[in-house]
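Have a look at the structure below before the remarks.
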Amino acid sequence: LSVGGVTKAHVDLDSGTADVQGGQLDAMITALEHGGYPARMAEETAANAEVAKEVECLKSTVVPETANLIEFDERSTTKLKVDDMTCKKCVGRVEKALLAVPNVTLARVNLEAGTADVEGTASPSALISALADSGYPAVEIPESARLINVPAAPSIRTLKVEGMTCKKCVGRVEKALMAVPGVTAARVDLEAGTAEVEGTGDMTAMIAALDEGGYPAQELTGLVEIDLQSGARKLKVGGMTCKKCV
């Protein structure tokens, strides 16, 4: 405590150490040697001193702000509504046309939804122009109108079809419907005399195609079915559970 600057000293006889606050190290060691007690800095204290030096060294090192900047990929995704796709070959043509546009890295086409997701830095106008040149009119779908990771539900419409008598008729009806642009799937029920059609095909065009094949048809838009020959109307009635209801 006689050393200048020392404010506190605690000596541990068992460990042979002294914890000192304040003062100069060299002056403390000299004072102890004069009293007949050789001393040196403890290894742990020396290690802490080295750590302190390294910390100070790091503090003095200036890290440029640019070193913390991460270079982000500026690629974006453009979603397009593509018309006139009717089959898998169309999908291939659309993808090929899109991938041929400079700066396009990926193109995914959904035949049922009639859409294309394009990744890269190509402009929407360049993509639309490339598709138009290939015979597929397209428009960009705005960001606000997109549903993330939710595929568009296919549009399903039902037709009442007359004149079907066998499986061959079913095949002819399905073939006629699938030939209509925008139709992606057609399922025919021979017993019910109906056809369910998926896609964006024009209803008038579908009915015309069936008429040409000898199968008069009309769209079922509600709960009423009309017999095209007799004009009788058939109602779909819910809630009936027994003969008394009839």
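Numbering starts at 1 and runs along the sequence shown.
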Same cluster or not: are V183 and V91 linked, directly or through other Ile, Leu, Val, Met, Phe, Trp or Tyr residues, by side-chain heavy atoms under 4.5 angstrom apart?
-> no

same_hphob_cluster(M178, M206) at 4.5 Å side-chain heavy-atom cutoff = yes

Any idea which heavy atoms bring C169 and Y215 closest together, and the distance?
-> SG-OH, 3.3 Å

What one should report as the nearest heavy-atom pair of A209 and V180 is CB-CG2, 4.0 Å

Can you name the nearest heavy-atom pair linking A122 to L127, along with the distance?
-> CB-CD2, 4.1 Å

Is it possible for you to say whether L99 and V118 belong to one hydrophobic cluster, with membership spreading through side-chain heavy-atom contacts below 4.5 Å?
-> yes

Atom pair SG (C166) and CZ (R172), whose distance is rounded to the nearest 0.5 Å = 6.0 Å

One should read off an interatomic distance between I128 CD1 and L98 CG, to the nearest 0.5 angstrom, of 10.5 Å

Minimum side-chain heavy-atom gap E198-R187 below 4.5 Å | yes

Treating Ile, Leu, Val, Met, Phe, Trp and Tyr as nodes and any side-chain heavy-atom pair under 4.5 angstrom as an edge, say whether V139 and V94 lie in one connected cluster.
-> no

Interatomic spacing from NZ in K88 to OG1 in T184 - rounded to 0.5 Å | 12.0 Å

Any side-chain heavy atom of L159 sitting closer than 4.5 Å to one from L177?
-> yes

Please report the shortest heavy-atom distance between V101 and A130, naming the atom on each side.
-> CG2-CB, 3.6 Å

So do L131 and P137 actually touch side chain to side chain, heavy atoms under 4.5 Å?
-> no

Donor-acceptor contact below 3.5 Å, side chain K160 vs main chain P216 = no

Distance, nearest 0.5 Å, that separates CG of L111 from NZ of K89 = 14.0 Å

Which heavy-atom pair separates T158 from T194 by the least distance, and what is that distance?
-> CG2-CB, 4.1 Å

If you take all heavy atoms of L190 and M164, which pair is closest and at what distance?
-> CD1-CB, 3.7 Å

Can you measure from OG1 (T78) to CD1 (I141) and round to the nearest 0.5 angstrom?
-> 11.0 Å

The reported gap from CE in M85 to OG1 in T115 (rounded to nearest 0.5 angstrom) is 6.5 Å

